[in-house]
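As structure tokens, the structure follows; a few thoughts come after it.
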Amino acid sequence: MSTITTKNPATGETLETYQQMTEAEATGKVEACHAAFLDWRKLSHDERGAHLRNIAAKLRDSADELAQLMTRETGKLYKDGLTEVELCAQIFEYSADQGPKALADEERTHGPKGKRGIVTYQPIGVIYSIQPWNFPLYQPIRVLAANLMAGNGCVLKHAEICTGSALRLRELCVEAGLPEDIFQVIVIDHDTSDKLIEHPKVRGVTMTGSDGAGRHIGAKAAAALKKTVLELGSNDAYLVLSDADIETAVKFSTMGRLYNNGQTCVSAKRFIVTDAVYDTFVEAFVNQMDKIALGDPMDQDTKLGPLSSQDQFDTVAEQVKESLAAGATLLCGGDAPDKPGAWYPATVLGDVKPGMPAYDDEIFGPVASVIRARNDEEAMRLANDSRYGLGGGIFSQNEERAIELARAEFDTGMVRINSFGAADPNMPFGGVKDSGYGREHGGFGMKEFVNAKAVYLP
């Protein structure tokens with residue numbers, strides 16, 4: 001039987017070794033979750049909400065422990081881990097507060113004589129959640145909170161490198177009073193995961209990860225006629241328009257590229273800058289990025305920690321190398337320190353063109369791609385010149401015009417104006433094109449895996 005070994009990416013030291021489950025063991029977890037669902041679904045929305053509030057309180061009580069665990073497993077900055085725990089607690093509370101209204105029966109009419117009808121949102125069963133490592137708590141919790149509120153059960157397959165975070169999350173949920181089997185964590189390989197998608201007790205599949213993994217899982221689920229929600233990668237464009245306030249643009253561009261050590265799907269990656277402000281912005285942006293020092297992720301003053309693993313380091317380094325070979329210019333960074341751990345510096349690439357990984361693909365690390373545009377109109381066109389469409393941003397002092405561009409022109413699921421941020425419980429989260437489909441947060445996630453059932457009355 002295979003094992004999983006987790007390592008600290010800041011030091012390379014081994015943390016824990018976990019035994020992978022057999023297919024029979026994993027199937028047993030799914031079936032136990034389904035059995036628990038049969039009772040869970042009978043609880044009222046308010047009763048489910050009480051459980052969610054208890055979990056939120058438990059997370060806050062365990063914030064220091066959880067943040068340290070995430071730092072050890074993924075290199076996440078400890079202070080960002082604390083913020084992540086608080087966000088997760090807020091997601092549970094938001095779901096508890098808003099769920100009863102979002103999921104309440106709706107009275108409607110039908111037929112020419114206006115007969116009575118009811119639309120009721122009923123849970124469907126076990127939701128299989130496949131999640132990545134970059135936010136070890138937030139990624140599974142945004143699925144878990146919504147689906148527990150909706151009345152579903154949840155089986156989580158987390159990324160291998162944060163296995164400890166996944167198992168601890170489940171322990172805390174049980175300690176908070178959640179029925180033991182309604183939320184399961186399984187430690188399995190990809191082949192076993194594919195087989196679970198086909199299991200008749202799995203009624204929906206949700207996954208966050210790369211577009212390649214999304215295609216594979218989406219195809220497997222479609223073959224088994226299972227609904228999916230896919231939140232995939234992106235190379236989000238942030239536009240620096242001709243009337244942008246450069247100080248604001250540089251501040252949030254730096255923050256947006258380095259947040260979570262540059263490993264965020266909805267972070268600023270391509271910076272499309274108009275000729276009118278190109279030289280001013282690039283000089284100031286490169287100056288800021290060049291000042292960012294790599295440091296101990298447990299230190300409150302550190303702004304950039306290690307990448308999550310050696311594999312991730314190798315991928316980022318190769319993407320930068322290929323982009324430079326294709327004609328990109330190294331404006332700062334690019335040279336990794338010679339020491340143990342997956343350390344990659346804040347890096348800016350200029351002269352980025354189509355055909356380069358820095359233009360076409362997602363670089364999941366602290367590497368910024370700067371692209372010159374003749375004017376604002378070309379900047380908008382270049383932003384949409386991507387197979388991805390998760391998020392994006394606009395820097396402009398004309399807020400009304402920026403809103404119109406965001407609303408009508410930006411081909412993404414989310415747009416930030418003169419700011420940067422990752423997620424909020426009250427706003428929908430998700431993308432278009434190769435960034436996937438479906439929405440989480442903002443009440444939308446609670447209705448992704450329910451049966452919107454029509455009841456006709458005479």
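A donor-acceptor contact under 3.5 angstrom links the side chains of Lys76 and Asn260, judged on distance only. The closest side-chain donor-acceptor pair between Thr274 and Arg374, if any, does not fall under 3.5 angstrom. With hydrogens and angles left out, the side-chain atoms of Glu73 and Thr6 include no donor and acceptor closer than 3.5 Å. No side-chain N or O of Tyr359 forms a donor-acceptor pair with one of Ser386 less than 3.5 Å apart. Checking Asp80 against Tyr259 by side-chain atom types alone, no donor-acceptor pair falls below 3.5 Å.
A donor-acceptor contact shorter than 3.5 Å is absent between the side chain of Thr264 and the backbone of Val266. Side-chain atoms of Trp133 never come within 3.5 Å of backbone atoms of Ser308 as a donor-acceptor pair (strictly under, hydrogens ignored). Looking at Arg203, its side chain does come within 3.5 Å of a backbone N or O of Ile124 through a donor-acceptor pair.
A cation-pi arrangement is not found for Lys58 relative to Phe92, the charged atom failing to lie both closer than 6.0 Å to the ring centre and inside a 45° cone about the ring normal. Geometrically, Lys157 does not engage Tyr128 in a cation-pi contact, judged by NZ or CZ lying under 6.0 Å from the ring centre and within 45° of the ring axis. The cationic atom of Arg170 (NZ for Lys, CZ for Arg) does not lie both less than 6.0 Å from the six-membered ring centre of Phe183 and within 45° of the ring axis.
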Sequence neighbours left out, cut at 3.5 Å: what donor-acceptor pairs do the side chains of residues 281-303 make with other protein atoms?
| residue | atom | partner | partner atom | Å |
| --- | --- | --- | --- | --- |
| Asp296 | OD1 | Met298 | N | 2.9 |
| Asp299 | OD1 | Asp301 | N | 2.9 |
| Thr302 | OG1 | Asp296 | O | 2.7 |

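Under the 30°/60° scheme for interplanar angles, the aromatic rings of Phe252 and Phe395 are found to lie parallel. Ring planes of Tyr138 and Phe429: perpendicular class, angle over 60° (limits at 30 and 60°).
Inter-residue side-chain proximity for Val320 and Tyr344 is flagged as met; some heavy-atom pair is nearer than 4.5 Å. Looking only at side-chain heavy atoms (C-beta outward), Asp424 and His441 stay at 4.5 Å or farther from each other. At a threshold of 4.5 Å between non-hydrogen side-chain atoms, the residues Asp434 and Arg215 count as touching. With a 4.5 Å cut-off on side-chain heavy atoms, Asn398 and Leu241 do not count as touching.
A salt bridge is defined here as a Lys NZ or Arg NE, NH1 or NH2 lying under 4.0 Å from an Asp or Glu carboxylate O, and Glu404 with Arg407 meets this definition. Between Asp360 and Lys353, no side-chain nitrogen of the basic residue sits less than 4.0 Å from a carboxylate oxygen of the acidic one, so the salt-bridge criterion is not met. We find that Glu362 and Lys269 are joined by a salt bridge, their nearest charged nitrogen and carboxylate oxygen being less than 4.0 Å apart. A salt bridge does not link Lys195 with Glu198: none of the charged nitrogens is closer than 4.0 Å to a carboxylate oxygen. Using a 4.0 Å cut-off between charged nitrogen and carboxylate oxygen, Glu93 and Arg60 count as a salt-bridge pair.
For Lys447, the NZ atom sits in a packed shell: over 12 heavy atoms of surrounding residues, nucleotides or ligands are nearer than 6.0 Å. Counted within 6.0 Å of NZ on Lys251, heavy atoms from surrounding residues, nucleotides or ligands total 12 or fewer; the atom is thus considered open. Atom CD of Glu399 sits in a sparse spot, with 12 or fewer heavy atoms from other residues, nucleotides or ligands closer than 6.0 Å. The environment of NZ in Lys7 is sparse: at most 12 heavy-atom neighbours from other residues, nucleotides or ligands sit within 6.0 Å.
The salt bridge (Lys or Arg N to Asp or Glu O under 4.0 Å) pairs that include a residue from residues 232-249 number zero, where partners must be two or more places apart or lie in different chains. For residues 127-146, the salt bridge (Lys or Arg N to Asp or Glu O under 4.0 Å) pairs, not counting sequence neighbours, are Arg142-Glu231, Arg142-Glu440.
Test Thr163, Thr3, Thr192 against Val187 for side chain to side chain contact (heavy atoms under 4.5 Å, CB included) and you get one pass: Thr163.
Separation of atoms CG (Asn134) and SG (Cys265) is listed at 6.0 Å; rounding is to 0.5 Å.
Between Ser267 and Phe420, the shortest heavy-atom contact is CA-CE1, 3.7 Å.
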